[in-house]
Amino acid sequence: MKTQVAIIGAGPSGLLLGQLLHNVGIDTVILERQAPDYVLSRIRAGVLEQGMVDLLRQAGVGQRMDAEGLVHGGFELAFDGRQVHIDLQALTGGKTVMIYGQTEVTRDLMAARQTAGAMTLYETSNVQPHDMKTDRPYLTFEKDGETCRLDCDYIAGCDGFHGVARQSIPSDSLKIFERVYPFGWLGILADTPPVHDELVYARHERGFALCSMRSATRTRYYLQVPAEEKVENWSDQRFWDELKSRLPETLANDLVTGPSIEKSIAPLRSFVVEPMQYGRMFLLGDAAHIVPPTGAKGLNLAASDVSTLFNILLKVYREGRTDLLEKYSEICLRRVWKAERFSWWMTSILHNFPDTDAFSQRITQTELAYFVGSEAGRKTIAENYVGLPYEAIE
Ligand code: APR
Ligand code: PHB
């Protein structure tokens, strides 16, 4: 088998890159380890920056998002018993975010790829990249018990944090930057109306809480829990009681509870690999970096990597600009590190860190109060939350 761009992983990174390339006549094959239903069963993020919204529209997959997504012009920060509105629109000259679940983005991209007739091989195992440092890289993999080979011009490693792409790069060619936080997020999904019409990020001495949503009838709530906590210890009742205890009183009184339809704990981690490429193999999305979810940046960073690689490959195939290939990593990393910083900062000011001394606690509390009390502070929160600009590829 032969293609121009071989993509490992059919998550949002791989599918979006595949769709953009297909639309400009560049051939792709995607190899995915799981079955489509499994990919669609994962509940992930739900806040899209303007840049990602535009990219999805450019890829021709924005119709359902535009019809069903919720445009949010702000969010709330709750702490010390009060609520402060961060007016994203006013603070950023009109920018907003779109509430639309990653699962739905993935569903739309899968449908578009199927309609386009582009090839995705699901349930492939033992995918291995080869000869990435030559101009004839290829992948080997197993499908239905047979060993296959896929020749290509370039490999896109879109296979998430545990994927094979990053792991197949010699470790002495990579530098890893990592921070693991001493807590996780316990999340639930429920068919209840949102407690507030915008997202609420709450700092509380019992721990952080987040009120999010997927639609006007489906909610997503999170609680900070110790890293070693087990989901079995959390009945729905215990979750709702704990959430109420961490919210300002008016919100707690308004909270509508109901049976959970999903409940899980995710660890919090910051992670970046440098560089994000090895010869003709490029790393995108979670394969290259992880952010704690507090800034809602994970999915959006995947989209900016996709935009960068897509625009480079377009110029490579159309204009012979192979000089741009070696710039991929540095261009991505500039934006990645800014989002890493913001996600780390949001995490630091909103969570309760065990074993922090009283002085540090007061400093963090004051940092939050200072930022929200100053227009300059609110502006820097807002411009990061709506998403920093994508770099032009020239
Ligand atoms: N071979 C083939 N496919 C693989 C392999 C492998 N060895 N390893 C992983 N995959 C697949 C996974 O099954 C998954 O479908 O790669 C896909 C990776 O998808 P995601 O983990 O969703 O990563 P990505 O596409 O980069 O999405 C961006 O940002 O913060 C997050 O929640 C956000 O998941 C989202 C991510
Ligand atoms: C979510 O809805 O899942 C969500 C929203 C905002 C975040 C993180 C997660 O910061």
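The structure displayed is predicted, hence computed values, not measured ones. All ligand and atom numbering here is 1-based and tracks the order in the structure.
- Within a 6.0 Å sphere centred on CZ of R179, heavy atoms belonging to other residues, nucleotides or ligands number 12 at most.
- Contact between I26 and L314 at its shortest, heavy atoms only, is CD1-CA, 4.4 Å.
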Run the side-chain donor-acceptor check on residues 282-289: report pairs under 3.5 Å with partners two or more places apart or on a different chain.
residue : atom : partner : partner atom : Å
H289    : ND1  : G285    : O            : 3.4
H289    : NE2  : D305    : OD2          : 2.6

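- Closest to atom 19 (O) of ligand 1, if we only count protein heavy atoms, is G11 CA, 3.6 Å.
- Using a 4.0 Å cutoff on heavy atoms, Y221 does not count as a contact of ligand 2.
- Under 4.0 Å is where a charged nitrogen must lie from a carboxylate oxygen, and between K244 and D241 no such pair does.
- Summarising the local packing, NZ of K315 is surrounded by more than 12 heavy atoms from other residues, nucleotides or ligands at distances under 6.0 Å.
- For atom 5 (C) of ligand 2, the nearest protein heavy atom (residue, atom name, distance) is S212 OG, 3.5 Å.
- Side-chain contact of R214 with T219: a donor-acceptor pair under 3.5 Å is absent, judged by distance alone.
- Looking at heavy atoms from C-beta onward, L15 lies out of side-chain contact with V61 at the 4.5 angstrom threshold.
- Of all atoms in ligand 1, numbered sequentially from 1 with element shown, those under 4.0 Å from a heavy atom of Q34 are 13 (O).
- Taking only non-hydrogen atoms, the option from L31, L121, D159 nearest to atom 9 (C) of ligand 1 is D159.
- The residue I99 has no part lying near ligand 2, judged by heavy-atom distances below 4.0 Å.
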Using side chain to side chain contact (heavy atoms under 4.5 Å, CB included), reason through F75 and L210 one step at a time and then give a plain yes or no.
CA-CA 11 Å; F75 67 88; L210 170 61; over 6 Å; no
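- Distances between N or O atoms of Y385 and those of ligand 2 include no value under 3.5 Å.
- Annotation: the span from E198 atom CD to L88 atom CG amounts to 7.5 Å, rounded to 0.5 Å.
- Taking any N or O of G295, backbone or side chain, none lies under 3.5 Å from an N or O belonging to ligand 2.
- Taking a cut-off of under 4.0 Å to the non-hydrogen atoms of C158, the atoms of ligand 1 that pass are 16 (O), 17 (C), 18 (C).
- Not one N or O on the side chain of E49 forms a donor-acceptor pair closer than 3.5 Å with the backbone of G51.
- Looking at F75 against ligand 2, nothing comes within 4.0 Å, counting heavy atoms.
- Within the listing of ligand 1, atoms 18 (C), 21 (O), 23 (O) sit less than 4.0 angstrom from a heavy atom of G160.
- Taking distance alone, with nitrogen or oxygen atoms compared against 3.5 Å, R33 approaches ligand 1 more closely than that limit.
- Contact atoms of ligand 1 toward I8: 1 (N), 2 (C) (distance under 4.0 Å to a heavy atom of the residue).
- Set against the non-hydrogen atoms of G163, the atoms of ligand 1 under 4.0 Å away are 8 (N).
- Regarding atom 17 (C) of ligand 1, its nearest protein heavy-atom neighbour is E32 OE1, 3.6 Å.
- Counting atoms of ligand 2 from 1 in the listed order, those under 4.0 Å from a heavy atom of V47 are 5 (C), 6 (C).
- Distance CG/L17 to OG1/T28: 7.5 Å, rounded to 0.5 Å.
- Note that CG of L251 is 15.0 Å distant from CZ of R246, once rounded to the nearest 0.5 Å.
- Remark: ligand 2 atoms within the under-4.0 Å shell around heavy atoms of Y201 are 6 (C), 7 (C), 10 (O).
- Of all protein heavy atoms, the one lying nearest to atom 8 (C) of ligand 2 is P293 O, 3.3 Å.
- Under 4.0 Å from ligand 1, the heavy atoms of Q102 that appear belong solely to its side chain.
- Interface of W185 with ligand 2, defined as ligand atoms under 4.0 Å from a residue heavy atom, comprises 8 (C).
- Using a 4.0 Å cut-off to heavy atoms of T294, the atoms of ligand 2 that qualify are 10 (O).
- Taking the six-membered ring where tryptophan is involved, the planes of H130 and Y138 are essentially parallel, since the angle between them stays under 30° and well short of 60°.
- Here the side chain of D159 pairs a donor or acceptor atom with the backbone of V164 at under 3.5 angstrom.
- Here is the list of ligand 1 atoms found below 4.0 Å of a heavy atom in G285: 26 (O).
- The L199 neighbourhood of ligand 2 comprises atoms 5 (C), 6 (C), with distances under 4.0 Å to a heavy atom of that residue.
- Using a 4.0 Å heavy-atom cutoff, R214 is listed among the residues neighbouring ligand 2.
- Using a 4.0 Å cut-off to heavy atoms of A302, the atoms of ligand 1 that qualify are 28 (C).
- Interface of Y222 with ligand 2, defined as ligand atoms under 4.0 Å from a residue heavy atom, comprises 1 (C), 3 (O), 4 (C), 9 (C).
- The shortest heavy-atom contact between G9 and I30 is O-CG2, 3.5 Å.
- Taking only non-hydrogen atoms, the option from L299, V291, D286 nearest to atom 36 (C) of ligand 1 is D286.
- The residue from R42, R44, E123, Q167 that puts a heavy atom closest to atom 14 (C) of ligand 1 is R42.
- A cation-pi arrangement is found for R166 relative to F161, the charged atom lying closer than 6.0 Å to the ring centre and inside a 45° cone about the ring normal.
- Taken from OH in Y385 to OG1 in T92, the straight-line distance is 12.5 Å, to the nearest 0.5 Å.
- From the protein, the heavy atom lying nearest to atom 26 (O) of ligand 1 is S13 OG, 2.7 Å.
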